[in-house]
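Here the structure comes first, spelled out in structure tokens, and everything after it is commentary.
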Amino acid sequence: MLNYIRERQEALAATPGRRFYNYAAGAVILAVMALVFAGLAPIWISWATFAASCVLDTFLTRRWIREDTLRAYRADHAG
């Protein structure tokens, strides 16, 4: 589990685009939560946004970890 957490952190910080995604996803969740607390959105929207964010984050992170691992493997065995 600790290895996955380390790989996830490295994958999310590997490129500027990935870092932007990470910050943007957090900002969207915070914005939706603020709308719910202000009474402008129902609570189920907050839960749906959070669940969708978790699913998307898991999918993208696993893909990025695979891509980074494959790229490192090819770099080590090139030539």
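One is the number of the first residue; the rest follow in order along the sequence. These numbers were taken from a predicted model, which means no experiment stands behind them.
Grouped by direct or indirect side-chain proximity (heavy atoms under 4.5 Å, Ile/Leu/Val/Met/Phe/Trp/Tyr only), Y21 sits with L12, L56, F59, L60, W64.
For the pair R6 and N3, the minimum side-chain heavy-atom distance is below 4.5 Å.
Taking CZ from R18 and CD from E10, the interatomic distance works out to 11.0 Å, rounded to the nearest 0.5 Å.
Hydrophobic clustering (side-chain heavy atoms under 4.5 Å, transitive across Ile, Leu, Val, Met, Phe, Trp, Tyr) groups M33 together with F50.
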Hey, can you pull the donor-acceptor pairs under 3.5 Å for the side chains in residues 39-48, sequence neighbours left out?
none

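Tested against E7, the residues T61, L2, D68, I65 include a single side-chain contact (heavy atoms from CB on, under 4.5 Å) partner, I65.
For the residue pair N22 / R19, no side-chain donor-acceptor distance below 3.5 Å is found, with atom types taken as modelled.
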Start with the C-alpha gap between R8 and D57, add the side-chain angles, then the distance that decides, and say whether salt bridge (Lys or Arg N to Asp or Glu O under 4.0 Å) holds.
CA-CA 10 Å; R8 180 184 181 280; D57 187 53; 2.5 Å; yes

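Among residues two or more places apart in sequence or in another chain, the side chain to side chain donor-acceptor pair (under 3.5 Å) test is passed with Q9 by none.
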